[in-house]
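Remarks on the structure that follows.
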Amino acid sequence: MTLRIYNTLSGKKEDFIPLVPGKVGMYVCGPTVYDSCHIGHARSVVVFDLILRYFEKRDFDVTYIRNFTDIDDKIINRANELAVGYKDISEKYIAEFYEDMDALNVKRASIEPRATEHIKGMISLISGLINKGKAYAVDGDVFFSVETFGEYGKLSGRQLQDMEAGARIDVDDRKKNPFDFALWKSSKPHEPYWESPWGKGRPGWHIECSVMSSAFLGDTFDIHGGGKDLIFPHHENEIAQSECATGKKYARYWIHNGFININQEKMSKSLGNFKTIKDILKSYHPEAVRLFLLSSHYRSPIDFSDQSMDEATLNLEKIYTLLKRVSDIIDPLDKTEVTESGAHWIDFCEAMDDDFNSAKGIAVIFEAIRHMNRVLDDSSDQTSSQLVSQVAVIYRDIIRMTQTIGIAAERPDEFFKKKIRLAVEEKSVDVAVVERMIKDRNDARKAKDFTAADRIRDELQKMNIEIKDGPSGTTWSVAG
RNA sequence: GGCGGCUUGGCCAAGUGGUAAGGCAGAGGCCUGCAAAGCCUUUAUCUCCGGUUCAAAUCCGGAAGCCGCCUCCA
């Protein structure tokens, strides 16, 4: 089975054939660290985390680079507003990025370089472009000349002459073509700077990714990713710079994730509907966020709403409910290797092989859950070795799938305990009273006084407490 | 003005030309002292109009509606 990936460059799904068999080199554009991360950042990071996890599950050796843009106009502006150094800003938000992404169970990349660590490489790439006549220096700025690259526009499917017609573009008389972009910017007084052949300045935005990707992955590498908005101009410009500088193909497969709307509206600062990851995690379980993000295909736009998050929360609980049920039968920590792949894992891989179709993959998880429940329902002897081995195969599949999605990482009993704890705090439930009432009810049940038992349950219900009688006693949860 | 995308049941959402995954909600049933959970059954002529094909949600053309990018943006 071949993995197929939608390549923005060709606009088609293509068979994924890595440069070196068994290895994957992947570069993904990370955040510009000038503010807290929002749910849109989370989508991009989680989508590529999924891709990384899937490659690893399929035994690829992945070198995954995700950068931080830690020098940029927005960072400098923010620093000036607060009268602090640009590093104070970038360091603060890099730390926040890690907090948020750790919470979302995102794996660290193999290397996480920062733009400011690669100034030398940028200067040498820019010099090379000037020597080849692909770039020109004016008053301490250096611009890339888009007209020298015949293939300019191949990623975004645009033609220079088409864009000029209606585009709003800044007028800069020093540019040979309005679409020429800055490789190097001269620094104004009181701005951070680095020495360069063109004077004191700092890098333009696009150059860092060209330099860092090639530094770690080589001039040509397998996958380059990021949000859809980066296709133009960022990635288009990266291609132009890199291919002009090296004369070789730059990234081979371009992957771009779609955007998030908030209640059907574009998320924007002017609308005031920006959702930060921190805020969302105050109301929802991080794994519910992942499940929400991966329940639609990564290229589709998705709508963030309380309704969709509530759904994701319910789905997550359904998964944990099953895992809890299974944990009564087999030890969830028993990592006995099941050598053969179960049918569900094969279905899951088939879904994921089709351009990382996690929505379909998640559907396979639910099919496996139903299968498991059916097996457990049909068995009269919950300890028979035949059942245990049958369960183990399905269980193993479910774990592999949930690990790929990056959910169900907690012990099921802990998950439910935590849920109760949070609800108890939020609704200030008196645990002692609840447990007293449950005990009274169970006493009544033993005495076959079902009228009394039901009365107590009705009272609990009024207190928003739901109870469930299981084989190993009565458990309860807080509704809503 | 240029480029691209989307429109699938009450809601969310997959869908590789051969007769519509999955989740939520609804209905009926099994199980349960009653519940819950779980299981079973059940709910779609795939925006509209043409065309290609033995066969189209899937391909082609057209229409309507919605959206994104072209400026910093995940």
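A note on names: the letters A, B, ... follow the listed sequences, proteins ahead of strands, and every chain is numbered from 1. Keep in mind that what you see is a predicted model, and the values were worked out from it rather than measured.
- Comparing the same atom, P, in B:U58 and in B:C73 gives a spacing of 37 Å after rounding to whole Å.
- Heavy-atom contacts from other residues, nucleotides or ligands closer than 6.0 Å to NZ of A:Lys57 number more than 12.
- With both pairing distances under 3.5 Å, B:C39 is matched to B:G29 as a Watson-Crick or G-U wobble pair.
- Under 4.0 angstrom from either OP1 or OP2 of B:A35 there lies no side-chain N or O belonging to A:Thr474.
- In terms of the side-chain contact (heavy atoms from CB on, under 4.5 Å) criterion, residue partners of A:Thr32 (sequence neighbours excluded) are, by chain and number, A:Tyr34, A:Thr69, A:Asp72, A:Lys74, A:Ile75.
- The partner of B:C34 cannot be assigned: no Watson-Crick or G-U wobble pair with both contacts below 3.5 Å exists in any strand.
- With distances taken from any side-chain atom of A:Asn357 to the nucleotides B:G38, B:G15, B:C69, the minimum falls on B:G15.
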Counting primed atoms, P, OP1 and OP2 as sugar-phosphate and everything else as base, the B/S/- map of nucleotides 20-33 of chain B against protein heavy atoms under 4.0 Å is -BSBS--------B
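- Taking the six-membered ring where tryptophan is involved, the planes of A:Trp345 and A:Phe348 are essentially parallel, since the angle between them stays under 30° and well short of 60°.
- Separating the C1' atom of B:U7 from that of B:U47 is a span of 6 Å, rounded to the nearest Å.
- Remark: ring of A:Phe259 not stacked against base of B:G68; the cut-offs of centroid gap under 5.5 Å and plane tilt under 30° are not jointly satisfied.
- Look at B:G4: its Watson-Crick or wobble partner, with both distances under 3.5 angstrom, is B:C67.
- Remark: A:Arg400 fails to qualify as a cation-pi partner of A:Tyr395 under the 6.0 Å distance and 45° angle criteria applied to the six-membered ring.
- One P atom belongs to B:C59, the other to B:G5, and the distance between them is 11 Å to the nearest Å.
- Note: A:His234 and A:His206 have tilted aromatic rings, judged against thresholds of 30 and 60 degrees for the angle between ring planes.
- In a base pair of the Watson-Crick type (N1 to N3 plus N6-O4 or O6-N4) or a G-U wobble (N1-O2 and O6-N3), with each distance short of 3.5 Å, B:A56 is matched with no nucleotide.
- Shown here are the side-chain contact (heavy atoms from CB on, under 4.5 Å) partners of A:Ala363, two or more places apart in sequence or in another chain: there are none.
- Between A:Trp205 and B:C73 there is a side-chain polar atom (N or O) within less than 4.0 angstrom of OP1 or OP2.
- A:His235 and A:His256 are linked by a side-chain donor-acceptor pair at a separation below 3.5 angstrom, with hydrogens and angles left out of the test.
- A gap of 15 Å separates the P atoms of B:U41 and B:C24, to the nearest Å.
- Taking atom P on both B:G2 and B:U19, the two are 41 Å apart, rounded to the nearest angstrom.
- Residues A:Asp70 and A:Tyr86 have side chains that never bring a donor and an acceptor to within less than 3.5 angstrom of each other.
- Evaluation of the salt bridge (Lys or Arg N to Asp or Glu O under 4.0 Å) test over residues 299-316 of chain A, restricted to residues two or more places apart or in two chains, returns A:Arg299-A:Asp355.
- Which of B:A37, B:C70, B:A74 sits closest to the side chain of A:Lys468 comes down to B:A37.
- Residue A:Asp229 places its side chain closer to B:C73 than to any other of B:A14, B:C73, B:C70.
- With a cut-off of 3.5 Å on both Watson-Crick or G-U wobble distances, the partner of B:C46 is given as none.
- Listed pair A:Asn373 / B:C39 meets the phosphate criterion, a side-chain N or O lying under 4.0 Å from OP1 or OP2.
- With both pairing distances under 3.5 Å, B:U19 is matched to nothing as a Watson-Crick or G-U wobble pair.
- Here A:Ser44 pairs with A:Phe48, A:Asn257 under the side-chain contact (heavy atoms from CB on, under 4.5 Å) rule; sequence neighbours left out.
- Atom C1' of nucleotide B:C72 and atom CD1 of A:Ile71 are separated by 16 Å, given to the nearest angstrom.
- Looking at which nucleotide of RNA chain B each of A:Thr321 and A:Tyr6 is closest to, the 5′-most match is held by A:Tyr6.
- As rounded to the nearest Å, B:G4 and B:A20 have C1' atoms that lie 28 Å from one another.
- Taking atom P in both B:C69 and B:C60, the straight-line distance is 26 Å, to the nearest Å.
- Only the P atoms considered, B:G26 is 15 Å distant from B:C11, to the nearest whole Å.
- Pair assignment for B:A14: none, as no Watson-Crick or G-U wobble contacts are both less than 3.5 Å.
- A donor-acceptor contact closer than 3.5 angstrom is absent between the side chains of A:Glu287 and A:Asn105.
- At whole-Å resolution of the value, NZ in A:Lys266 and P in B:C72 are 12 Å apart.
- Within residues 105-113 of chain A, no residue is approached by RNA chain B to less than 4.0 Å at the level of any non-hydrogen atom.
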